[in-house]
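In what follows, a single structure is set out as structure tokens and then discussed.
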Amino acid sequence: MRPEDLLRPSPKGLHCPIGDFYIDPVRPVERAVITHGHSDHARAGHGHVLATRETLDLMAIRYGADFAGSRQALGLGESVVVGGVRITAHPAGHVLGSAQMALSWRGLTIVASGDYKDAADPTCAGFEPVPCHVFISEATFGLPVFRHPPASAEVAKLLNSLAVFPERAHIVGAYSLGKAQRVMALLREAGHTAPIHIHGALAGITAYYAAQGIAVGEVLPATAARKADLAGAVVIAPPSAITDVWSRRFPDPVTAFASGWMRVRARARQRGIELPLIISDHADWDGLIASITATGCEEVWVTHGAEDALVHWAGTAGLRARPLHMVGYGEEDAEEGEAGEEAAP
Amino acid sequence: MNRFAALLDRLAYEAGRNAKIRLMADYFRATPDPERGIALAALTGALSFANAKPAMVRALIMERADPVLFGLSYDYVGDLSETVALMWPAPPPHERPNHSPLLSEIVEGLATLPKRELPVQLARWLDGLDDTGRWALLKLITGSLRVGASARLAKTAVASLGDLPPDAVELVWPGLAPPYEDLFAWVEGRAGRPETGDPVPFRPVMLAHAVEEADFAALDPADFSAEWKWDGIRVQVVAGEQSGEEPDGARPVRLYSRTGEDISAAFPDVAEVMAFSGALDGELLVMKEGRVQSFNVLQQRLNRKAVTPKMLRDFPAHVRAYDLLAEAGEDLRDRPFLERRARLEALVTRLGQPRLDLSPVVPFDTWDALAGARADPASAGAGADAEAVEGVMLKRRDSLYVPGRPKGPWWKWKRDPHTVDAVLMYAQRGHGKRSSFYSDYTFGVWSAGQAGDVLVPVGKAYFGFTDAELKLIDKFVRANTVNRFGPVREVLHTPETGLVLEVAFEGLARSARHRSGVAMRFPRIARLRWDKPPREADRLETLEALIREG
């Protein structure tokens, strides 16, 4: 029995021929298992969707209530058997509702981790390593130059800049699902109590996070505020909006961007960022290695990102490894619209 | 060092000139001597270390990192110092240095340590710094500290400590040396103005803005004097009184480049004829049989530490003077241009040296007349030297000699460049800011091959386009790649499909190093010709004809 008998890459996504379902399919399929709500993993139009309740809720917010023919919620730690294959959801630590999907069949376990991080995050359950034979890992930040500093230190940088430039609005670009709410929660943890102003595109998801008990604090629509009230305020917006005409309404703004890519100077400068904040919802290089090692796996499959480097490392660590060359991932979420090859050098 | 590194980090992201000056001034105010003076030296490019080269940095990381992972990382980041700074492994806690090094400690160490001890010490410093500190240290020692703050801006920041005009610091600067304690004491009002002890100091040069068509409406021809803009290199000749300090009681003479680099050693043939005391501004050229040679010929003499008798014979150097900044101990920079010019003419005539002559004044009474002279220098007085003319310079008759690039007194008006329509053949990923963009383009023109017309590469350009155009070209490259060679992509270039680039350039020369046999000077992308099919691009014969005409 080979692992490929249980799960194999296909143009539509990772396919389980035994259970006849796909994990995070990029095209409409009959049965889909979805790891998390980012739009490159969670797409509309499937016949049946299995995911955590939060992921199903977020998909409904993004795509409308009829995003799939039928849906089935699977709680973290819960299992379901599909066509003889046991599927268990484990926390992935990526965003609210994110899950690693462990597939077990005749003593073989493969974990499809989706996107994950091993760093602490006040907005979602922390990553848990799941013992397995094959671990399927992303490699968005799969180069040893990517080591994310503690997120609290980066938020301190933002608060320090607010103190130095109290007359300027601080516009923080952050991906609308997960990163934006994490920045809000981190600001609250750091003692920032002033209202946080948000772009309209963030409203629905942020309200959902608040309803789930995430401490995002007082959140106001940025467009309703008077210009004077935005001096010295934090404004959070999708990355595409921060250098758009939308941002012209703010007084002498400082442009910040919360992303793991900000670790590389050229990336920050290309976008005209003045205050780079290295806050990522993906594991950094050390995190990838620690997480893979903690699963005790014999084999690593690398889905998207810097596959070459991670596969090379796995070889030096005595693990079998193969890049899956999956297409369609990392395009919307490879943190903030870093398209195609940009996410996978 | 971490504090200085934090300053550099902020400067690198800050776009506003005034904000940069404020950040530097804050740093100078909060940092004690000599640390801040060493920082000033680093910011103004006054530090260099012969022992610490990129190869040493590379060797250090190779001892600590997997070479494949380093290679992939470097390819991604596009900058050696930053790659090493980011992936440098943290030492185990018990091996961590107990304090992070000061900038002044590092600079002293670099200057005094024997070369063989340097790698160990450098590694120790890197262990003691955070990633920003490591980045700054590596940038510093590899001599590539580019943070978007010029030397001029750093001096302006120093001047702002004492509400002095920036030029005040520029004027005393040539006589000063790190750690500049006398300079800080002066601007902070704790001591008098530092005096220069150098008998042949460099004087910061005055530069011209490029004149645009629209500027002329506001300019009166009667206010200006015109002269040719020569295609050589700007040089400042400074000569002192004969003194006992020089060997054989000779006169000290220095030739400085426009940035103040001392290039005297490479040009003894002109240095030895400067029998005057003062400072003049002119163009360094190669002159043979009474004719100015092309820039390509001059290049044989550039960037050399020493010079051979054969080079002196084959490529004799010459200075064509156009301004006089000082004479016999008298500073002339605060005199109007016409007065300086008259003094210069008298001096050059008196010296009567064949290797030193005057850049002639170009007479004109209307802008149209000057445009005519610029279009045809040969019949407007440049004669046989017309080939070495790259435009005209306009100087206000009343202009004082002000360091920097003040807008208004001086203008440069370059000749229209040559252009050629070429086809994009290869694209390479850029470095630094452009590390994710295919931004270096090799382009070719058509030439008859054995099996019909083929494209032959004629040059490489990496600027001239806007950021928006860069994105479009990058997209085109990614969508039309036919081959990959490391960071280089071969791009589709058939007679029907491909991207035509209008390339502007200043001149052409024969070259044995290029397959096409021609080399372009200063090529840049003037326009993207999405409208033009590659088969309509220019042919090699067109370029060859240009060389013949030239």
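Naming: A, B, ... by sequence-line order, numbering from 1 per chain. Computed from a predicted model, the values in this text were never measured in an experiment.
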Exercise. Minimum heavy-atom separation for B:L69 to A:A309, with atom names?
Worked result: CD2-O, 3.5 Å
Problem set entry | B:Y13 to A:I273 - nearest heavy-atom pair and separation | CD2-O, 3.6 Å
Problem set entry | Side chain / backbone / both / neither for A:P276 at chain B, heavy atoms under 4.5 Å | side chain
For this session: Not counting sequence neighbours, which residues clear side-chain hydrogen bond (donor to acceptor under 3.5 Å, both in side chains) with B:R152? List them please.
Result: B:D167, B:E170
Exercise. For the atom pair OG1 (B:T132) and CZ (A:R265), what is the distance rounded to the nearest 0.5 Å?
Worked result: 5.5 Å
Seminar exercise, completed: A:V145 and B:T83 have their tightest heavy-atom pair at CG1-O, 3.8 Å
Exercise. If you measure from CH2 on A:W313 to CG on B:D66, what distance do you get to the nearest 0.5 Å?
Worked result: 12.0 Å
For this session: Let me see the working for A:R263 and B:D131 under salt bridge (charged side-chain N to carboxylate O under 4.0 Å, His left out), right down to the final yes or no.
Result: CA-CA 10 Å; A:R263 172 92 169 161; B:D131 67 279; 3.7 Å; yes
Exercise. Does a sphere of radius 6.0 Å around CZ in B:R22 hold more than 12 heavy atoms from other residues, nucleotides or ligands, not counting ones at 6.0 Å or beyond?
Worked result: no
For this session: Decide side-chain contact (heavy atoms from CB on, under 4.5 Å) for B:L86 and A:R147; before the verdict, give the C-alpha distance in whole Å, the side-chain angles of both, and the deciding distance to 0.1 Å.
Result: CA-CA 8 Å; B:L86 292 178; A:R147 283 134 129 201; 6.0 Å; no
Determine all donor-acceptor pairs shorter than 3.5 Å in which one atom belongs to a side chain in residues 288-299 of chain A; sequence neighbours excluded.
{"residue": "A:S291", "atom": "OG", "partner": "A:G287", "partner atom": "O", "Å": "2.6"}
{"residue": "A:T293", "atom": "OG1", "partner": "A:I289", "partner atom": "O", "Å": "2.6"}
{"residue": "A:T295", "atom": "OG1", "partner": "A:I292", "partner atom": "O", "Å": "2.7"}
{"residue": "A:T295", "atom": "OG1", "partner": "A:C297", "partner atom": "N", "Å": "3.2"}
{"residue": "A:E299", "atom": "OE1", "partner": "A:R320", "partner atom": "NE", "Å": "3.1"}
{"residue": "A:E299", "atom": "OE1", "partner": "A:R320", "partner atom": "NH2", "Å": "3.2"}
{"residue": "A:E299", "atom": "OE2", "partner": "A:W301", "partner atom": "NE1", "Å": "2.9"}

